[in-house]
Amino acid sequence: MRWQEKLTRKELQHLRETGATTLEQVRANVRYQSTNRFPCWECVGIGRKLGISVELTAFHSLPKP
């Protein structure tokens with residue numbers, strides 16, 4: 001099964017909007033999201049759906065109120 005077949009049309013459209021058209025670009029995008037203070041949750045969800053593990057280190061380092 002191709003990786004694109006695991007995603008919905010909406011998810012594929014989101015990836016096209018971000019410029020990620022290959023699996024390697026999707027992996028790079030998900031890794032990039034792990035460094036963002038406010039990550040794109042749709043990208044993170046797509047990555048997890050494809051089995052790409054991501055630890056949102058910047059998100060978890062936000063100061064506690």
Can you list the residues that meet the side chain to side chain donor-acceptor pair (under 3.5 Å) rule with T21, with sequence neighbours excluded?
Q25
Please report the interatomic distance CG(L56) to CZ(R37), rounded to the nearest 0.5 Å.
14.0 Å
Partner residues of R16 under the side-chain contact (heavy atoms from CB on, under 4.5 Å) criterion, sequence neighbours left out:
L12, Q13
Return the minimal non-hydrogen interatomic distance between T22 and W3, and the atom names on each side.
C-CZ2, 3.7 Å
Residue pair T35 / Y32: nearest heavy atoms and the distance that separates them
OG1-O, 2.6 Å
What pairs of residues pass the salt bridge (Lys or Arg N to Asp or Glu O under 4.0 Å) test when at least one of them lies in residues 20-33, not counting sequence neighbours?
E24-R27, E24-R31
Partners passing side-chain contact (heavy atoms from CB on, under 4.5 Å) against E42 (at least two apart in sequence or in another chain):
K10, H14, C40, I46
Distance, nearest 0.5 Å, that separates CZ of R2 from CG of L7:
11.0 Å
Could I get the full list of salt bridge (charged side-chain N to carboxylate O under 4.0 Å, His left out) partners for K6, not counting sequence neighbours?
none
Within a strict 4.5 Å, meaning less than it, do heavy atoms of the R48 and I52 side chains meet?
no
Checking S53 now: which residues fulfil side chain to side chain donor-acceptor pair (under 3.5 Å) with it, not counting sequence neighbours?
none
Heavy-atom pair of closest approach, residues C43 and V30:
O-CG2, 3.7 Å
